[in-house]
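See structure below.
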Amino acid sequence: MMFQRALILLGALVVVAIGFVTSWSGRAEHMAERLSENAREALATEDLDMVQASFTNRYGSPSRHPLLSGGENLDDESRTRAAQLVRSLPGVGGVSWEDGIVNANAGEPSFEPLHCQEDVDGLLRTRTIRFEEGSAALLPASRMLLDEVARALEPCVGAIIAITGHTDKSGSETANVALSMDRARVVREALVRRGIPRSGLRARGMGSSKPAERLTAEDPANRRIEFSVIRMEPLTPTPVDTPGPR
């Protein structure tokens, strides 16, 4: 008799649990749909409707933390504005881009028109961040150069600093993109160890898709790391690195 009562009680608990999960799931889906619609409307008002905000996680479940996609041709300032716009909506959590380049925190970004971009440009005008051939391992001299780069970037803490890796067109483009991204990440982590907040650093790899001005895609001088401090003025890319291992 006691066993039967326990089974009945267990069955009742299972029914209640199923009902709770079903109810929660329905509310979560409704929440995600509402946030998605709000994001779509907000982006459209700023002519950023090419950007899509997906309020689902990698398992397909509803989430308050959207993943942005689209707008691949937008500049970094526009991408940051899109992320900030979605992040400012009530009920939205952390925002990130599908390619991991730009994230957003609440409120308006704080951009300071300081001289750190020019200081970094000056450091890289005659020297370059170098890696072992076909590798993302930094050469010793580059570690010393990154000490100076980190000091130059300190006044820009609070802005978004893009670290972009480039290669020339030798080899497969898939390998080029992967290598340029790996090198940008290595530089990002090196700067984090030198005191630059990770939250303000964005690593990305472009492979050979954006050769430097006046250079062909095959030119070895395209093998470079660029720093761009995102702010209200137009961005000025750092000078082209001297030729080195891809």
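Side chains included, hydrogens not; waters and symmetry mates left out as well; all remaining heavy atoms used.
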Taking the side chain as every heavy atom from C-beta outward, state whether R130 and L138 have any atom pair closer than 4.5 Å. no
Here the pair of heavy atoms bringing M206 nearest to S209 is O-OG, 2.7 Å
Between E37 and R40, is there a side-chain N and carboxylate O pair less than 4.0 Å apart? yes
R224 to E226 - nearest heavy-atom pair and separation: NE-OE2, 2.9 Å
Go through the steps for L179 and F131 under the test side-chain contact (heavy atoms from CB on, under 4.5 Å), then give the verdict. CA-CA 11 Å; L179 180 59; F131 300 84; over 6 Å; no
Inter-residue atom distance I196.CD1 - R188.CZ, 0.5 Å rounding: 14.0 Å
With rounding to the nearest 0.5 angstrom, report the CZ to CD1 distance, R202 to I161. 10.0 Å
Side chain to side chain donor-acceptor pair (under 3.5 Å) filter on T164, not counting sequence neighbours, yields R204
Taking the side chain as everything from C-beta on, heavy atoms only, tell me whether R79 gets closer than 4.5 Å to R81. no
Sort out for me which residue in V149, V187, I129 forms a side-chain contact (heavy atoms from CB on, under 4.5 Å) with I163. V187
Quick one: do L35 and L89 end up in the same hydrophobic cluster if we chain Ile, Leu, Val, Met, Phe, Trp and Tyr together by side-chain heavy atoms under 4.5 Å apart? yes
Decide side-chain hydrogen bond (donor to acceptor under 3.5 Å, both in side chains) for E218 and S170; before the verdict, give the C-alpha distance in whole Å, the side-chain angles of both, and the deciding distance to 0.1 Å. CA-CA 7 Å; E218 292 76 17; S170 61; over 6 Å; no
Do you know the tightest heavy-atom contact between L85 and E46? CD2-CG, 3.6 Å
Report yes if some heavy atom in the side chain of F55 is under 4.5 Å from a heavy atom in the side chain of N38; otherwise report no. no
Holding to side chain to side chain contact (heavy atoms under 4.5 Å, CB included), I want the full list of residues that pass it with D75, two or more places apart in sequence or in another chain. E77, S78
If you compare all heavy atoms of A184 against all heavy atoms of G165, which two are closest, and at what distance to 0.1 Å? CB-N, 4.0 Å
For residues D182 and A136, report the shortest heavy-atom separation together with the two atoms involved. CB-CB, 3.9 Å
How many angstroms lie between atom CG of L43 and atom CD of E41, to the nearest 0.5 angstrom? 10.5 Å
Consider only side-chain heavy atoms of I, L, V, M, F, W and Y, link residues closer than 4.5 Å, and tell whether L139 and L123 are in one cluster. no
V86 with M50, same ILVMFWY side-chain cluster at under 4.5 Å: yes
For the side-chain hydrogen bond (donor to acceptor under 3.5 Å, both in side chains) test, which of K169, E173, H166 pairs with S208? E173
For R194 and D147, what are the C-alpha separation, side-chain angles and deciding distance, and is it a salt bridge (charged side-chain N to carboxylate O under 4.0 Å, His left out)? CA-CA 7 Å; R194 288 161 173 77; D147 290 340; 2.6 Å; yes
Go through R151 and E148 one step at a time and tell me if the salt bridge (charged side-chain N to carboxylate O under 4.0 Å, His left out) criterion holds. CA-CA 5 Å; R151 286 194 292 271; E148 299 179 55; 5.1 Å; no
Is there a continuous path of hydrophobic side-chain contacts, each under 4.5 Å between heavy atoms, that joins I225 to V192? yes
For P211 and N222, which heavy atoms make the closest approach, and how far apart are they? CA-OD1, 3.3 Å
Could you state the interatomic distance from CG (L153) to CG (D119), rounded to the nearest 0.5 Å? 9.0 Å
